Amino acid sequence: RAQRRGISSFFFFTDLERLSCCKETLKMALGKMNFLLLLVLVGGSFADRCLFLTNTEHGGEVESKFSVLHAPGYVNFVKTEASIPAREVGSVSAFALGLAPSKTITWDGLSPGSLFHRPKSSILFLVDGVQSGQWLATKSQQSSPLVAEHGTLSSHAVHAVHGGKNLASHVSDLFHGTPLTLSMSADRDVAAAAAASGKNSVTMYYNHAKKQVMTEPASSSFAMDSEQMMSNIAALHLPAGMKFDAAQQAIISEGQSVLSFSNKESASFLAELASMHKVLSALSADPALVNDNTPDVLSFAVSSMKDLHVQFGSDSTQVKAAMAILSAVIPQMAESMSLLYKSDAIVELVEVGFDCERFKTDAGDIPELFNALKEHTKAETMSTFRANLPHIPLHSQASFEVACQTGADALTASSSRLELRCEQPAESDVHPGRQLLAAHIENNVTYARNAATYNLAFARSADWTATFTMVLIVMLIFILATLAISYTMWTMDPGSDSIIYRMTNQRIKMD
């Protein structure tokens, strides 16, 4: 299917003995075979429809969940048992903000609300790495199963709206870069997936080497050093029995350190908690960022849960403590952010399911593969490489053949059970709608350079035609109305058509 749809892909099969049955019939393979299909990002093509095929003993497809934690009364979310496709989450948020969706929304959980009163902000909490069925203990106004089109859910797809844009970029472009758009995650690539490039856009991520929360562009209001991170964590209301010890730089539970800055995976999680509180504090201190006439888009992505699962295990104290903390902190943040916008905000929660046992299949070969592809992949660290799985982003299409051969040689040298097969489609076959945010930004930069060189027209948004038509029709109505009023007044007879002279014409008093 990947080859037929023209998707550049890496194929990793963990059960080579049963691979032959795929050639005979796909129907038999679906019931018997246990293999993993990893799609690859090549040259800006976003192949987010990854497919995991497993037998029933591994639980089948991993479940995910979409919830609405808060919505104003004039936004009508309807109770429904229908699943929401991952690629419609961004469109649903845009529609709730009063923006016309660029594509048909199949999910029936949102109905049209007030025409004149729309939310001031869309706030999304995304937790990537939740054990299916063990959801966060949060109260929601609406919840629905979240599904991907081909089995594997990508956090990038949740932010997508249309044409390669995410929700933040879409809103920022519509309002000429003035809305506040903020994206936060410990992983830089995950944060970039929900980022925009407006003048009030901020991207926050954690730098392990410097032990600081960095921002792009550089902003003293949102950046943090290690001491500021610890002070922000200490300000959070943690679950009962937990507290943050600044001396140990760790969260203590029952007298033991469970999540510490000394551990890389735990440090990422703590940095994300600190970033949430930092954003709330910064916005509370600067009301001008919130009290404006444009809608804001805020995204808080917790990408460190996968690493905690892999490092410590799904039943570990660390993972259970992290889940308990998120169950306590996210509702607090949702309420505080809602109050900051005077209840005119939509707060959503996406919990991306994760199967730790499935992820660990042949996990020992993943570091070998990362080292071999280090020069070709965009992932700078092993943590980022694992966080992006099953996606493997490459720098450019020119490195595709070299990356395939290098990866295959590395797996062969390590006697891995994984087999690497690479298939590169023709350039014209790549689906134009699957674009990464990074590719979208790079294309904009290239277009801007060419526009200055070749005097090209300004790149307009997809809504430009509809906006121009509405403005034109309104202008014509005003012009015709002005002409009609002017003609009526020009041909008016003041003596007979107006009451002004009649009311002011007084009789002359006679003595």
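All residue numbers in this chain count up from 1 along the given sequence. What you are looking at is a predicted structure, and each value in this text was computed from that prediction instead of being measured.
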Asn166 side chain vs Ala195 backbone, donor-acceptor pair below 3.5 Å: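 Yes; judged by distance alone, with no hydrogens or angles, the pair exists.
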
All side-chain hydrogen bond (donor to acceptor under 3.5 Å, both in side chains) counterparts of Asn291, not counting sequence neighbours: none

Give every residue pair that meets the ring pair (Phe, Tyr, Trp, His ring centres under 6.0 Å) criterion with at least one member in residues 122-141, sequence neighbours excluded.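 Only Phe125-Phe300 qualify under ring pair (Phe, Tyr, Trp, His ring centres under 6.0 Å).
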
Any donor and acceptor pair, going by atom type alone, linking the side chain of Arg87 with main-chain N or O of Val161 inside 3.5 Å?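 Here the side-chain-to-backbone pair does not exist.
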
Pairwise ring pair (Phe, Tyr, Trp, His ring centres under 6.0 Å) hits with a residue in residues 67-91, at least two apart: Tyr74-His117

Nearest-0.5 Å distance that lies between atom CH2 in Trp107 and atom OG in Ser83: 10.5 Å

Determine yes or no for a side-chain-to-main-chain donor-acceptor pair under 3.5 angstrom, with Glu265 supplying the side chain and Ser304 the backbone. no

Show every donor-acceptor pair shorter than 3.5 Å between a side-chain atom in residues 479-489 and any protein atom, with sequence neighbours excluded, or say none if there are none.
from   : atom 1 : to     : atom 2 : distance (Å)
Thr482 : OG1    : Phe478 : O      : 2.7
Ser486 : OG     : Thr482 : O      : 2.7
Thr488 : OG1    : Ala484 : O      : 2.8

Determine yes or no for a side-chain-to-main-chain donor-acceptor pair under 3.5 angstrom, with Glu272 supplying the side chain and Ser303 the backbone.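 Present.
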
Ignoring hydrogens and angles, write down the donor-acceptor pairs under 3.5 Å from the side chains of residues 176-183, residues two or more places apart or on other chains.
from   : atom 1 : to     : atom 2 : distance (Å)
Thr178 : OG1    : Phe175 : O      : 2.7
Thr181 : OG1    : Ser201 : OG     : 2.5
Ser183 : OG     : Ala191 : O      : 2.5

Let me confirm one number: the OG1-CD1 distance from Thr138 to Ile330, rounded to the nearest 0.5 Å. 7.5 Å

Before giving the answer on side chain to side chain donor-acceptor pair (under 3.5 Å), spell out for Thr106 and Glu88 the whole-Å C-alpha distance, their side-chain angles and the decisive distance to 0.1 Å. CA-CA 8 Å; Thr106 59; Glu88 291 188 5; 2.6 Å; yes

Strictly distance-based, threshold 3.5 Å: is any side-chain N or O of Gln131 a donor or acceptor partner for the main-chain N or O of Ser314? no

List, one per line, each side-chain donor-acceptor pair under 3.5 Å for residues 276-283, sequence neighbours excluded.
from   : atom 1 : to     : atom 2 : distance (Å)
His277 : ND1    : Asn232 : OD1    : 2.9
His277 : ND1    : Ser281 : OG     : 3.4
Ser281 : OG     : His277 : O      : 3.0

